[in-house]
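Each chain gets a letter, A, B and so on, in the order the sequences are listed, and its residues count up from 1. Computed from a predicted structure; not experimentally measured. For the numbers below, each heavy atom of this structure counts, side chains included, while hydrogens, waters and symmetry mates do not.
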Protein chains: 2
Amino acid sequence: MQRVRIKDVAREAGVALSTAALALRDDSRLRPETRRAVREAAERLGYVYDRSAALMRSGKSHTVGLLVCELTNPFYAELTAGVEEALDEAGYATMLANTSESVLRQRRMLERFREQPVDGVLLMPATGTPPALIGELQAWRVPHATVVRGFRAGAHAGPDNRAGTRLATEHLLGLGHRRIAFLGGAARNSVSTGRWDGYARSMARAGLAAEHLPCSTDIGAAAAIAQALPPESPTALVCFNDSVAFGATLGLLRAGRMPGRDVAVTGFDDVREAAHWYPPLTTIRVAPRVIGQAAARVLLHRMEQPEAPPLREILPPALVVRESCGAGLRRAD
Amino acid sequence: MQRVRIKDVAREAGVALSTAALALRDDSRLRPETRRAVREAAERLGYVYDRSAALMRSGKSHTVGLLVCELTNPFYAELTAGVEEALDEAGYATMLANTSESVLRQRRMLERFREQPVDGVLLMPATGTPPALIGELQAWRVPHATVVRGFRAGAHAGPDNRAGTRLATEHLLGLGHRRIAFLGGAARNSVSTGRWDGYARSMARAGLAAEHLPCSTDIGAAAAIAQALPPESPTALVCFNDSVAFGATLGLLRAGRMPGRDVAVTGFDDVREAAHWYPPLTTIRVAPRVIGQAAARVLLHRMEQPEAPPLREILPPALVVRESCGAGLRRAD
DNA sequence: TGGCAGGATTGGAACGTTCCAATTACCCTG
DNA sequence: CAGGGTAATTGGAACGTTCCAATCCTGCCA
């Protein structure tokens with residue numbers, strides 16, 4: 001039992017090969033009844049479209065490569081789901097690859113996308129990605145866009161990090177805090193600098209000193225730092241992201257201090273767990289799904305109009321007040 | 001500037017097209033110096049291998065389709081990372097698709113894999129997947145295996161659910177609990193029945209009555225149920241998975257009862273957050289990464305020997321004792 | 001009745017690999 | 001030096017689509 005080809009469908013329907021091919025693509029040049037006849041013949045024979053042949057001839061794969069820096073991070077997982085959904089709606093399949101923050105793996109996957117080939121690449125750069133990589137992508141002439149973590153130029157979609165930490169910081173200032181520290185953001189990338197900036201500028205505007213507690217995004221590392229915080233330390237922590245904030249609340253609890261009452265804590269991202277944390281986390285919502293959709297839009301635009309200037313979608317974040325900032329309690333002061 | 005083909009590389013190296021093709025595949029029939037010469041010529045011209053052409057001719061895509069039921073679930077995300085890693089090592093790329101628990105989307109993606117085509121399919125069935133789907137896959141003659149959620153027959157890799165809840169239940173029995181309820185497992189699938197079975201049998205063996213508190217895997221739903229638990233209720237909860245357990249601890253806290261001290265709680269999966277939860281969760285470790293690797297093995301075996309009986313890898317789980325079961329406290333009784 | 005416009009259909013040449021059979025080059029043996 | 005065997009290379013036909021130009025209708029008008 002051989003595989004069924006367009007040729008076979010054509011014979012079955014009593015038309016030429018090219019006619020059958022057109023009919024299967026539902027081309028309007030063909031009479032509706034011809035299209036229907038071919039379609040039925042295909043159904044009868046159990047015809048399965050062969051993308052590899054089509055791709056080879058047409059050069060269009062209708063596939064986008066998506067490079068995720070860390071799939072096991074809920075934020076990026078959610079983002080990925082958003083991207084996939086949006087691309088699917090536009091008729092594109094997603095070829096997903098997880099780099100696990102390895103620049104080497106990222107290179108290999110990119111190379112693979114190039115061979116595949118895909119019609120476009122969406123990149124969430126692994127930490128430590130040399131900016132030169134973007135230049136290479138340009139040289140390869142594959143339409144591409146960066147997501148969340150970005151570089152100076154090129155198509156991009158991501159949250160407005162600066163505005164996010166500004167919201168958090170101003171909220172804490174409004175609650176009366178004066179000693180506010182920034183926890184996390186040890187990595188050197190656009191996200192770290194953006195979030196630090198938003199915090200630092202707000203502090204400067206209020207005439208207060210900024211204070212940096214560097215920390216990786218590991219929940220355990222953050223917990224250790226928070227636990228060791230001396231009593232005369234900051235009364236509020238603006239955390240780099242929710243993971244760090246989770247760690248911070250945990251460390252405070254271990255040290256016998258109640259997050260929200262003794263020390264205010266804010267996160268960034270609003271991952272699903274944030275609402276269910278103990279205590280529920282006050283954080284900055286960036287809606288990863290929405291960013292994913294924006295990323296898909298930006299890339300599709302690039303693919304359709306390669307000559308147009310690249311789009312940059314910087315999405316405004318929102319403050320979500322829950323309990324870890326102590327907003328409900330402070331009022332009693 | 002045209003794309004560089006093997007033809008061009010051959011001309012540059014001064015050999016025939018077929019020779020160049022062989023050289024690029026590093027075929028041992030060719031003299032080493034010929035291989036090197038061609039390789040260098042390819043390098044000079046910036047040759048990029050075209051997989052679509054190769055796939056079309058050879059029928060081998062060196063790609064495996066992976067259907068994930070819910071990518072935003074940390075457990076499945078971790079599992080996915082494991083699969084991808086193992087397949088990558090074996091020289092296969094992963095075509096990842098997220099079904100978001102939609103049977104419809106799952107169908108579409110499967111269809112797409114069929115057209116692509118991929119060399120094999122790894123399936124984490126969406127809830128509600130008709131068992132007939134496996135029959136279809138068989139008819140399609142695409143090597144496949146199920147992961148975590150499985151069916152009666154066919155290649156499969158997943159945790160030993162029965163053994164897992166048995167471990168948890170016996171641990172709680174050992175701590176002196178007599179009224180132990182099972183929270184979660186409302187869905188009708190192999191995972192639910194397996195976990196329920198392990199719990200129910202252990203209870204029966206101890207001569208105690210089993211008690212089912214049905215609940216979706218939503219953290220909020222679990223919290224609501226736990227919060228509403230009357231005082232004369234069970235003293236211990238065996239939860240369907242970690243998400244449910246997270247919800248349970250949260251609900252208890254809201255009701256002013258301390259998980260571990262007032263009510264013992266165990267989870268299932270040991271996701272990353274379990275160790276960092278408040279209180280740290282006693283749970284059943286199934287090591288999603290390891291399952292992912294097993295799944296890759298099982299599928300590869302199926303692809304290599306389609307006629308051999310399908311492998312089934314049921315991985316033994318381990319009990320991880322932390323604080324939510326109150327093991328550290330009970331000793332004082 | 002011939003010509004013509006336009007829609008509907010067709011034939012055949014690509015696309016860039018892999019696969020197979022055929023050829024050449026080279027060395028060894030009798 | 002013919003014959004034969006092996007290693008190295010080559011030529012050309014696939015693979016199943018899409019694309020393009022060419023052809024075939026059919027009805028309409030002069």
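Regarding A/L55, its CG atom lies at a distance of 12 Å from the C1' atom of C/dT17, rounded to whole Å. Distance B/I6 CD1 to D/dT10 P: 14 Å, rounded to the nearest Å. The nearest whole Å value for the distance from the CZ atom in B/R3 to the C1' atom in C/dA14 is 16 Å. If you measure from atom CD of A/E115 to atom P of C/dC15, you get 20 Å, rounded to the nearest angstrom. Computed from coordinates, the B/D50 CG to D/dT17 P distance equals 17 Å when rounded to whole Å. What separates CE of A/M56 from P of D/dT18 is a distance of 13 Å, to the nearest Å. What separates NZ of B/K7 from P of D/dG12 is a distance of 14 Å, to the nearest Å. Computed from coordinates, the B/R35 CZ to D/dA8 P distance equals 9 Å when rounded to whole Å.
Contact check on A/D8 versus A/R5 returns no salt bridge, with no Lys/Arg side-chain nitrogen under 4.0 Å from an Asp/Glu carboxylate oxygen. With respect to the salt-bridge test (charged N to carboxylate O, under 4.0 angstrom), the residues B/E70 and B/R149 do not qualify. Under 4.0 Å is where a charged nitrogen must lie from a carboxylate oxygen, and between B/R39 and B/E43 no such pair does. Look at A/R29 and A/D27 and you find a salt bridge, because one of the NZ, NE, NH1 or NH2 atoms lies within 4.0 Å of a carboxylate O, short of that distance. Under the 4.0 Å criterion applied to side-chain N and carboxylate O atoms, B/E136 and B/R114 are not assigned as salt-bridge partners.
Listed for the A/R105 side chain is a donor-acceptor partner under 3.5 Å among the backbone atoms of A/N98.
With D/dT9, C/dT9, C/dT18 as the choices, the nucleotide that has an atom nearest any side-chain atom of A/L30 turns out to be C/dT9. Listed candidates were D/dT18, C/dT17, D/dT10. Nearest to the side chain of A/Y49 is D/dT18.
One finds a side-chain N or O of A/R5 lying less than 4.0 angstrom from the OP1 or OP2 phosphate oxygen of D/dT17.
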Distances under 3.5 Å between protein N/O atoms and the N/O atoms of nucleotides 19-24 of chain C, please, pair by pair.
none

Could you give the side-chain donor-acceptor pairs of residues 291-299 of chain B under 3.5 Å, partners two or more places apart or in another chain?
| residue | atom | partner | partner atom | Å |
| --- | --- | --- | --- | --- |
| B/R297 | NE | B/E313 | OE2 | 2.9 |
| B/R297 | NH2 | B/E313 | OE1 | 3.1 |
| B/R297 | NH2 | B/E313 | OE2 | 3.2 |

